[in-house]
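Sequential numbering from 1 along the given sequence is applied to the chain's residues. As the structure is a computational prediction, the values presented were derived from the model and not from experiment.
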Amino acid sequence: MEASAKIRVVAREYPLPVFATVSMILVATMVLGTGWALSDFFRREIIAREGVIIGDLARAMATRGLQSGDLDQFGGSEERVRLASSFGVLQSLSEVVRIKVFNRKGEIAWSDDPALIGTWARRPEEVGRAVTGANTIVFYEDGGHEGAGADQPPKPLVEVYAPILVRPAPGQPPRVMGVMALYRSAETLNATLDRGVRLVWSVTAFGGAVLFVTLFTLFRSVHRRHREAESQLSRLGAEHQRVVQLEKLSAVGQMIGEVAHQVNSPLVGVMNLAQLAEREADDPVRVRQLLGAIGEAGEHCRTFVRRMLDFTKVSHFERQKVDVGTLVDETVALFLQSVKDKPGIQVGRPDFPALAFVDPILVRHALFNLLSNAAQADPSGRIEIALAAEEREVAGWSLAVVDHGPGVPPEVQEDIFTPFFTTRPGGVGLGLSVVEHIVIQHGGAIAVDNPPGGGARFVLWLPDGMEDVE
């Protein structure tokens with residue numbers, strides 16, 4: 001674990017050297033593997049092809065005029081003449097150093113070296129395979145080989161064992177009557193193989209070098225662009241942080257200004273009323289009226305402060321698995337108990353449990369604020385609530401609250417969720433901003449529009465969050 005962590009750190013700090021080293025190792029491995037495989041393949045194929053050509057040529061030239069018994073009765077003068085006539089012509093082939101003709105038993109019936117006639121094969125296994133009808137090739141690349149003796153010069157050799165086909169009688173198919181072994185010098189073949197192998201390795205190495213240079217150039221270009229992009233993103237991130245900080249300061253300044261305005265207005269009234277009460281201290285009735293007005297202004301300040309405290313409590317967030325439909329019913333019942341005028345509320349929700357992983361207190365608070373807003377927009381009208389499943393990026397629930405009041409003007413819809421923004425006289429402008437804050441905490445969304453039938457429609461979408469429970 002520690003070693004892999006160190007490798008990752010080195011790769012992150014020195015990407016170009018690490019990539020160059022790793023890619024060079026991979027390319028070198030590929031070049032070595034490809035070069036070895038290709039050179040071995042071409043070497044074997046060239047040797048096999050050489051053996052086939054020599055075997056076919058030797059067989060075609062050697063079987064002329066032979067009779068079926070010549071290889072077994074090779075001691076007679078006529079048999080020797082026919083054997084020499086058939087195989088002696090092969091001595092004119094280039095680089096031929098020895099010719100041996102075996103009968104099926106492995107005994108040498110004829111050779112370009114008369115001293116070998118009548119002796120037995122040094123490699124009976126190769127003769128035996130050729131007797132079955134297959135060409136056999138033995139390649140001695142290094143010059144020395146097992147079994148080399150006076151009859152086989154110790155030089156690079158290619159031994160080709162080819163079956164000899166002779167017709168037993170006219171009209172009958174030819175049969176293998178013996179084996180012809182042709183020993184040919186491999187110096188030219190070795191030179192050809194060496195040139196071919198060098199060519200294969202040169203082409204493979206050149207291709208590997210081109211591949212490495214191309215990969216390294218491409219990686220360096222991508223790495224440079226990545227570094228430039230990171231630098232730009234870092235600058236943009238710093239600028240973004242500055243902008244966010246400025247926006248926060250601006251929002252704090254705006255909030256302080258709104259709070260000061262909301263608190264200062266009743267305080268000015270309290271001071272003016274207190275001055276009036278001081279001037280009219282001799283009129284108890286008038287003083288009581290002024291004190292009542294002062295009490296109302298103080299109550300307004302206390303209400304505003306309580307709303308501000310409620311706004312700060314929204315930051316407390318604790319999810320639970322709840323049925324949103326039941327939560328809607330409980331909130332409607334609580335709302336109807338808290339208002340004097342009982343508006344008609346129509347609730348539409350699915351028959352099955354609408355399970356979600358949310359904070360029930362905050363969701364109830366958000367719905368309560370929407371119901372209060374709808375009742376204030378149309379005190380005598382009805383309110384419609386619709387709960388339905390709606391899948392966006394993930395599964396979730398859509399909660400719509402519709403009133404039949406004057407609606408929300410289009411020019412106001414963009415600012416309606418801004419803290420302290422209100423179009424209602426005496427309003428504080430915190431209710432809808434609290435609703436939006438609750439929705440954002442749950443990872444949802446909120447929207448407002450004016451339906452065709454009139455009024456305003458506020459739609460909350462909350463992800464069910466059930467994957468977090470599982």
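Residues P406 and A377 share a closest heavy-atom pair of CD-O, 3.5 Å. Between A445 and R392, the shortest heavy-atom contact is CB-NH1, 3.8 Å. Here the closest heavy-atom approach between residue N450 and residue G455 is recorded as OD1-O, 3.3 Å. The heavy-atom pair separating A130 from T136 by the smallest distance is N-OG1, 4.2 Å. Across all non-hydrogen atoms, the minimal contact from I383 to A375 is CD1-N, 4.0 Å. Contact between V358 and P463 at its shortest, heavy atoms only, is CG1-O, 4.4 Å.
A donor-acceptor contact shorter than 3.5 Å links the side chain of D323 to the backbone of A354. Although no hydrogens or angles enter the test, the distance criterion places no donor-acceptor pair under 3.5 Å between the side chain of R319 and the main chain of A356. A donor-acceptor pair under 3.5 Å links the side-chain atoms of D403 to the main chain of A456, judged by distance alone. Remark: side-chain polar atoms of T132 are paired, donor with acceptor, to backbone N or O of R129 under 3.5 angstrom. When atom types are taken as modelled, the side chain of H442 and the backbone of D359 share a donor-acceptor pair closer than 3.5 angstrom. In this structure a side-chain-to-backbone donor-acceptor pair under 3.5 Å is present from T21 to P17. Put simply, the side chain of N369 never gets that close to the backbone of L432: no donor and acceptor are under 3.5 Å apart. In terms of modelled atom types and a separation under 3.5 Å, the side chain of S231 and the main chain of R227 share no donor-acceptor contact.
Between the CD atom of Q376 and the OG atom of S372 there is a distance of 6.5 Å, given to the nearest 0.5 Å. Rounding to the nearest 0.5 Å gives a distance of 10.5 Å between CZ of F335 and CG of L370. A distance of 5.0 Å separates CG of L367 from CD1 of I385, quoted to the nearest 0.5 Å. To the nearest 0.5 Å, atoms CE (M24) and OG1 (T29) are separated by 11.5 Å. One finds the CZ atom of F458 at 11.5 Å from the CG atom of L371 (value rounded to the nearest 0.5 Å).
A heavy-atom distance below 4.5 Å is not found between the side chains of R457 and E384. Side-chain contact between K321 and L355: present, with at least one pair of heavy atoms (C-beta onward) separated by less than 4.5 Å. The closest side-chain heavy-atom distance from R382 to I345 is not below 4.5 Å. Annotation: side chain of I438 is in contact with side chain of H365 (closest heavy-atom distance under 4.5 Å). The shortest side-chain heavy-atom distance between E159 and R123 falls under the 4.5 Å cut-off. Inter-residue side-chain proximity for L462 and L399 is flagged as unmet; no heavy-atom pair is nearer than 4.5 Å. Side-chain contact check for V127 versus Y161: some heavy-atom pair is nearer than 4.5 Å. Here the side chains of L387 and S398 are not in contact, with every heavy-atom distance at 4.5 Å or above.
More than 12 non-hydrogen atoms from other residues, nucleotides or ligands lie less than 6.0 angstrom from CG of L211.
Taking the six-membered ring where the residue is Trp, F352 and W397 present tilted rings, their angle falling between 30° and 60°.
Applying side chain to side chain contact (heavy atoms under 4.5 Å, CB included) to H226 and the options E228, R224, E230 leaves one that passes, E230.
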**Prompt:** Please walk me through it: do L362 and Q441 pass side chain to side chain contact (heavy atoms under 4.5 Å, CB included)?
**Reply:** CA-CA 10 Å; L362 294 184; Q441 279 187 304; 3.6 Å; yes
